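Everything quoted here is computed from the prediction, not taken from an experiment. Quick note: residue numbers are just sequence positions, from 1.
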Amino acid sequence: MSLATRTVRIGSSHGLHARPAKLFAQAAKDAGVPVTIAKDSGAATNAASILGVISLGLDYGDYVTLTVDGGDAEAILDRLADLLTTDHDAA
């Protein structure tokens with residue numbers, strides 16, 4: 001098992017609202033290992049919980065820290081970071 005963390009910046013121009021939060025939470029769930037997300041230095045929440053992710057109130061430009069415990073942690077972080085840094089609101 002490996003533990004890995006990464007800090008990324010939210011890329012969606014309208015923040016992590018329902019649609020991008022759902023995509024992210026589903027990807028975290030599909031990872032099959034524990035994944036958490038925390039805003040700045042706040043408390044971490046289960047990244048596979050859409051309600052937990054939305055409750056962070058993430059806006060464009062906010063920084064979050066992802067933590068993956070197990071599996072191929074770096075590859076999982078790559079996929080999740082890509083979802084968070086992409087602007088899902090772009091036309």
Side-chain angles (χ1 to χ4, degrees):
M1 291 280 231
S2 60
L3 182 70
T5 63
R6 187 173 305 169
T7 300
V8 298
R9 189 171 179 224
I10 300 300
S12 280
S13 55
H14 296 291
L16 212 61
H17 55 82
R19 188 172 51 87
K22 179 182 178 187
L23 293 171
F24 173 76
Q26 186 62 51
K29 180 179 180 183
D30 292 346
V33 294
V35 180
T36 61
I37 183 172
K39 181 178 178 180
D40 300 321
S41 60
T45 190
N46 179 359
S49 165
I50 188 168
L51 293 176
V53 172
I54 289 175
S55 73
L56 293 173
L58 299 171
D59 293 319
Y60 172 77
D62 285 347
Y63 286 92
V64 295
T65 300
L66 302 171
T67 303
V68 175
D69 187 5
D72 189 2
E74 289 297 328
I76 293 167
L77 281 175
D78 287 343
R79 286 191 300 275
L80 296 176
D82 185 53
L83 283 170
L84 291 177
T85 57
T86 297
D87 185 356
H88 297 280
D89 298 311

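- Qualifying side-chain contact (heavy atoms from CB on, under 4.5 Å) partners for A38, counting only residues two or more places apart in sequence or in other chains: A44.
- Residues passing the side-chain contact (heavy atoms from CB on, under 4.5 Å) test with H14 are H17, D89, sequence neighbours excluded.
- Within the structure, side-chain hydrogen bond (donor to acceptor under 3.5 Å, both in side chains) contacts touching residues 20-30 (residues at least two apart or in different chains) are Q26-D30.
- S13 pairs by the side chain to side chain donor-acceptor pair (under 3.5 Å) definition with D87, not counting sequence neighbours.
- Between G71 and S2, the shortest heavy-atom contact is O-OG, 3.5 Å.
- Side-chain atoms of T65 and T7 include a donor-acceptor pair closer than 3.5 Å.
- Going from atom CG of L66 over to atom OG1 of T36 covers 7.5 Å, rounded to the nearest 0.5 Å.
- Applying the salt bridge (charged side-chain N to carboxylate O under 4.0 Å, His left out) test to D78 and every residue at least two apart in sequence or in another chain returns R6.
- Put simply, the side chain of R79 never gets that close to the backbone of A27: no donor and acceptor are under 3.5 Å apart.
- When every heavy atom of A4 is checked against every heavy atom of L77, the shortest pair comes out as CB-CD1, 3.5 Å.
- Here L80 contributes atom CG and L23 contributes atom CG; the two are 11.5 Å apart, rounded to the nearest 0.5 Å.
- Note on L84: it does not cluster hydrophobically with I50, by side-chain heavy-atom contacts below 4.5 Å among ILVMFWY residues.
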L3 and D69: CA distance, side-chain angles, deciding distance, side chain to side chain contact (heavy atoms under 4.5 Å, CB included) verdict: CA-CA 4 Å; L3 182 70; D69 187 5; 3.8 Å; yes
Show the atom names and distances, to 0.1 Å, of all donor-acceptor pairs under 3.5 Å that link a side chain in residues 51-64 to residues at least two apart or in another chain.
unit_1, atom_1, unit_2, atom_2, d
S55, OG, L51, O, 3.4
S55, OG, G52, O, 2.7
D62, OD2, K39, NZ, 3.4
D62, OD2, D59, N, 2.7

